[in-house]
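Just so it is clear: chains get the letters A, B, ... in the order the sequence lines come, proteins before strands, and each one is counted from 1. Note that the structure is predicted; figures quoted are calculated from it, not measured. Excluded from the calculations below are hydrogen atoms, water molecules and symmetry mates; all remaining heavy atoms, backbone and side chain alike, are included.
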Number of protein chains: 2
Amino acid sequence: MDKIEVILKSALKLFVGFGFHATPTSKIAKEAGVANGTLFHYYNTKEELILALYKHTQGQLSTYVQPKVSKEDSLEMVFRSIYTNTIEWSVENKAESAFIQQFSSSPLHSLISPEDMNSQAAILLDFIHEGIKTANLKHLPADLLQTLITSHISGVTQYLLAGEFSKVKQNKIIKESFELLWDMIT
Amino acid sequence: MDKIEVILKSALKLFVGFGFHATPTSKIAKEAGVANGTLFHYYNTKEELILALYKHTQGQLSTYVQPKVSKEDSLEMVFRSIYTNTIEWSVENKAESAFIQQFSSSPLHSLISPEDMNSQAAILLDFIHEGIKTANLKHLPADLLQTLITSHISGVTQYLLAGEFSKVKQNKIIKESFELLWDMIT
DNA sequence: GTCTATACGTTGATAGAC
DNA sequence: GTCTATCAACGTATAGAC
């Protein structure tokens, strides 16, 4: 694992545990097993590091979810796939999803440029527009639908993270909660 | 307005704008128009101040929502009332709801004792149990229902805060989105 | 209760050798 | 690219006068 990866991984762990500003760069370097100066060789400022970590983590989620979506699938399959895979990734990558959540509700979030903001979200929005046009989805404002879907996903994720569920039970919950959502928006 | 209120109000504003740790106590005192020492007369540490502010703000929300819930009402009316009033308060108190959100996804949240954690949530959960028992609500795990309701509320709140809606339009959105939720869980 | 002044540790960031 | 050494600035918290 190259230094940059170790640094990001250490930063993630500490940020989730203590928060951005309560985590000194010195501790990040120590946790990563590199010198303090090394960290500043890769990132000019601490803020730059935080932003890079956010983009990196968001990118991992996208990389996990997007390849599993195919234009060939029915619209329901597309939504089901995005839904299921987002939740699965979040549960399997607890620290990463906690970090995304924490970052998104922090003031730093406003520093992310609209383009960088979640290619994920853009894709979902596209499918929503298509769904409305083809009357698969209810005729509601697209961004209302988007926010309802996203919130629903984060709700179920929270629920799964709070309890300890077997893989089988977890899949059952995801499946059933998707039906609830799908019935709601179609 | 007494000093303690001014301090909390100033802290809230700055925390929302810059985050907990990026906001020095000196700036809070300055914004509040009091001396640095005065702040530490009321709160022994900065962390204590943050926790107090959270409880204070959460209390304001509860005070707004709970009195409007009556045991006399039908279960649907109770849910509708909690739903509507929570969203209304959040939209009218943008900074406060942003702070609650930010605090809840921060590591500090784990410092809140279960009892302090949201009398709001406890009440909602009670009604959910009642709804399941009387078969008004779908037979699903109570805390899954709770998280779905809560997430739905925060989704609609986000949507309303992102756009600029007239009061009339806003009420219409709240009403319609409640119907969506209600259909989903009954 | 409120203020001023200040102590003292910590932190982000730099310089420069290897 | 990576390290060690270092610093200036800052931030929390305290002491003590009023």
Side-chain angles (χ1 to χ4, degrees), chain A residues 1-57 59 95 99 102-103 105-112, chain B residues 1-57 95 98-99 102-103 105-112:
Chain A
M1 199 156 49
D2 75 358
K3 301 247 176 221
I4 224 171
E5 255 183 278
V6 192
I7 290 173
L8 289 179
K9 200 174 166 181
S10 307
L12 177 78
K13 177 180 167 187
L14 293 168
F15 286 158
V16 170
F18 305 100
F20 308 130
H21 293 94
T23 302
T25 52
S26 56
K27 284 231 179 73
I28 298 173
K30 202 171 181 181
E31 169 85 24
V34 303
N36 211 311
T38 305
L39 195 154
F40 285 95
H41 171 71
Y42 290 108
Y43 304 101
N44 289 319
T45 65
K46 184 182 174 182
E47 187 176 288
E48 207 175 275
L49 163 66
I50 299 175
L51 296 179
L53 178 58
Y54 174 70
K55 288 177 200 170
H56 176 76
T57 310
F99 173 74
Q102 189 180 325
F103 181 89
S105 25
S106 86
L108 288 174
H109 193 233
S110 62
L111 297 178
I112 298 289
Chain B
M1 196 153 55
D2 76 358
K3 302 248 177 221
I4 222 171
E5 256 184 276
V6 192
I7 290 173
L8 288 179
K9 201 175 162 179
S10 306
L12 177 78
K13 178 180 165 186
L14 292 168
F15 286 159
V16 171
F18 305 100
F20 309 130
H21 294 95
T23 302
T25 52
S26 56
K27 283 230 178 75
I28 297 173
K30 201 172 183 182
E31 170 87 21
V34 302
N36 209 312
T38 305
L39 194 154
F40 285 94
H41 173 69
Y42 290 107
Y43 304 100
N44 289 319
T45 66
K46 184 182 174 182
E47 186 175 289
E48 208 175 273
L49 163 66
I50 299 175
L51 296 179
L53 178 58
Y54 174 70
K55 289 177 199 169
H56 175 76
T57 310
F99 173 73
Q102 190 181 326
F103 181 88
S105 23
S106 86
L108 289 173
H109 193 234
S110 61
L111 297 178
I112 299 289

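- When the side-chain nitrogen and oxygen atoms of Tyr43(B) are compared with OP1 and OP2 of dA13(D), none of them lie within a distance under 4.0 Å.
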Collect all protein-nucleotide pairs involving nucleotides 5-7 of chain D in which both atoms are nitrogen or oxygen and the distance is under 3.5 Å.
none

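- Proximity of residues 3-35 of chain A to DNA chain C (heavy atom under 4.0 angstrom from any strand atom) is restricted to Thr23(A), Pro24(A), Thr25(A).
- Taking every heavy atom of both residues into account, Tyr43(A) and Ala52(A) meet most closely at CE2-CB, 3.6 Å.
- The distance between atom NE2 of His41(B) and atom P of dG1(C), rounded to the nearest whole Å, is 5 Å.
- In terms of the side-chain contact (heavy atoms from CB on, under 4.5 Å) criterion, His41(B) has no residue partners (sequence neighbours excluded).
- Pairs passing the salt bridge (charged side-chain N to carboxylate O under 4.0 Å, His left out) check and including a residue from residues 4-26 of chain A, sequence neighbours excluded, read Lys13(A)-Glu31(A).
- Between Thr38(A) and dC3(D) there is a side-chain polar atom (N or O) within less than 4.0 angstrom of OP1 or OP2.
- Rounded to whole Å, atom C1' of dT10(C) lies 11 Å from atom NZ of Lys46(A).
- Relative orientation of the His109(B) and Tyr54(B) rings is perpendicular, given thresholds of 30° and 60° on the angle between their planes.
- Residues satisfying the side-chain contact (heavy atoms from CB on, under 4.5 Å) criterion with Lys3(B), sequence neighbours excluded, are Val34(B), Tyr42(B).
- Distance CG (Asn44(B)) to P (dT14(D)): 7 Å, rounded to an integer number of Å.
- Among residue pairs with one or both ends in residues 36-50 of chain A, none qualify as salt bridge (charged side-chain N to carboxylate O under 4.0 Å, His left out); sequence neighbours excluded.
- Listed here is the closest heavy atom pair of Leu39(A) and Leu49(A): CD2-CD2, 4.2 Å.
- In this structure, CD of Glu47(B) is placed 15 Å from C1' of dG11(D), rounded to the nearest angstrom.
- Taking atom CZ of residue Phe40(A) and atom P of nucleotide dT11(C), one finds them 12 Å apart after rounding to whole Å.
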